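All of these numbers come straight from a predicted model, not from anything done at the bench.
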Amino acid sequence: MTLNDFDERYIKILMSWFDRKNTLLSWSGPNFRFPFTRETFEQDLLTDKMASYVLCNENAEVVGFGQYYNRLSRCHLSRLVISPKHRGIGLAKTLIELLCLEGTQRLNSTGYSLFVLANNESAITAYTKLGFKITDYPGQIDIPNCLYMTKG
């Protein structure tokens, strides 16, 4: 598995993973437009503001996507997703570990954080297995039913 810089050639692949509004908003947060076009998807993805990567398998097939940025002096993971046809085989762990390694080096941080919706039980389970813990956020989270998880 390799973590590669995201570029526009991956937009269409990523768009194909989201065919319902609730699935998209659960992944992206409330400011993503739906239905989307290639142009609005690219704009809303904010790749110009966040480090963005794709996870590729040994066949160079895109199997995951994730972003990170500095939030409260932590490497904050964002918009983590595994291709629908590759879920359930441990790729989320690989994606998160590679993003944390990359983010730690680039941001010079030692801790990690992420937001997750409280009803996304499979994601919470995956993050907990990787050592993330639900933590009080030092402020208000503008997304209803959203949890803040940290590690380190």
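In terms of modelled atom types and a separation under 3.5 Å, the side chain of Asn59 and the main chain of Glu61 share no donor-acceptor contact. Here the side chain of Gln67 pairs no donor or acceptor atom with the backbone of Lys49 at under 3.5 angstrom. A distance-only check finds no donor-acceptor pair linking the side chain of Ser26 to the backbone of Thr23 [under 3.5 Å]. No side-chain donor-acceptor contact under 3.5 Å links Arg79 to the backbone of Ser52. Listed for the Ser28 side chain is a donor-acceptor partner under 3.5 Å among the backbone atoms of Leu24. A donor-acceptor contact shorter than 3.5 Å is absent between the side chain of Arg74 and the backbone of Ser109.
Under the 4.5 Å side-chain criterion, counting only non-hydrogen atoms from C-beta, Glu8 is not in contact with Thr47. Lys129 is listed as a side-chain neighbour of Thr125, based on a closest heavy-atom distance under 4.5 Å. For the pair Phe18 and Val81, the minimum side-chain heavy-atom distance is below 4.5 Å. You'll find the side chain of Leu77 reaches within 4.5 Å of the side chain of Cys100, heavy atoms only. Between Arg33 and Gln43, the closest side-chain pair of non-hydrogen atoms falls below 4.5 Å. A 4.5 Å side-chain heavy-atom check between Leu14 and Leu45 finds at least one atom pair inside the cut-off.
Within 6.0 Å of the CG atom in Asp7, the count of heavy atoms belonging to other residues, nucleotides or ligands exceeds 12. By the 6.0 Å contact criterion, CG on Asn22 is enclosed, its count of non-hydrogen atoms from other residues, nucleotides or ligands being greater than 12. Applying the 6.0 Å contact sphere to CG of Asp48 captures more than 12 heavy atoms from other residues, nucleotides or ligands.
Using a 30° and 60° split on the angle between ring planes, Phe6 and Tyr10 fall in the tilted class, from 30° to 60°. Ring-plane geometry between Phe41 and Phe32 is classed as perpendicular, the angle between the planes exceeding 60 degrees on a 0 to 90 degree scale with a lower cut at 30.
Under a hydrophobic clustering in which Ile, Leu, Val, Met, Phe, Trp and Tyr are joined whenever their side-chain heavy atoms come within less than 4.5 Å, directly or via other members, Phe65 and Tyr112 fall into different clusters. Hydrophobic clustering of Ile, Leu, Val, Met, Phe, Trp and Tyr side chains at less than 4.5 Å, counting indirect connections, unites Ile13 with Trp27. A single hydrophobic cluster is not seen to contain both Ile96 and Leu101; linkage of ILVMFWY side chains at heavy-atom distances under 4.5 Å, directly or through other members, places them apart. Each of Val54 and Ile82 belongs to its own hydrophobic cluster when Ile, Leu, Val, Met, Phe, Trp and Tyr are linked at side-chain heavy-atom distances under 4.5 angstrom.
Under the side-chain contact (heavy atoms from CB on, under 4.5 Å) rule, Leu147 has a single partner from Ile141, Ile134, Leu114, which is Ile134. No option in Leu99, Thr104, Leu80 other than Leu99 meets the side-chain contact (heavy atoms from CB on, under 4.5 Å) test with Tyr68.
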Report task. Verify side-chain contact (heavy atoms from CB on, under 4.5 Å) between Phe34 and Leu25, making sure each step is shown before the conclusion. Result -> CA-CA 9 Å; Phe34 190 89; Leu25 296 180; 5.5 Å; no
Query raised in the report: What do the steps show when you test Thr135 against Thr150 for side-chain hydrogen bond (donor to acceptor under 3.5 Å, both in side chains), and what is the final call?
Result: CA-CA 6 Å; Thr135 308; Thr150 60; 2.7 Å; yes
Report task. Kindly determine whether Ile143 and Leu117 satisfy side-chain contact (heavy atoms from CB on, under 4.5 Å), including the steps that lead there. Result -> CA-CA 8 Å; Ile143 302 169; Leu117 293 178; 3.9 Å; yes
Report task. Apply the test side-chain contact (heavy atoms from CB on, under 4.5 Å) to residues Leu95 and Leu3: give CA-CA distance (whole Å), side-chain angles for both, the deciding distance (0.1 Å), then the verdict. Result -> CA-CA 8 Å; Leu95 175 65; Leu3 194 63; 4.1 Å; yes
Requested in this report: Please step through side-chain contact (heavy atoms from CB on, under 4.5 Å) for the pair Val116 and Glu121, ending with a clear verdict.
Outcome: CA-CA 9 Å; Val116 61; Glu121 294 174 18; over 6 Å; no
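Think of Leu46 as one node in a network of Ile, Leu, Val, Met, Phe, Trp and Tyr side chains linked at under 4.5 Å; its network also takes in Met50, Tyr69.
Every residue meeting the ring-ring contact (aromatic ring centres under 6.0 Å, His included) condition with Tyr137, not counting sequence neighbours, appears here in chain and number order: Phe115, Tyr148.
Rounding to the nearest 0.5 Å gives a distance of 11.0 Å between NZ of Lys151 and SG of Cys75.
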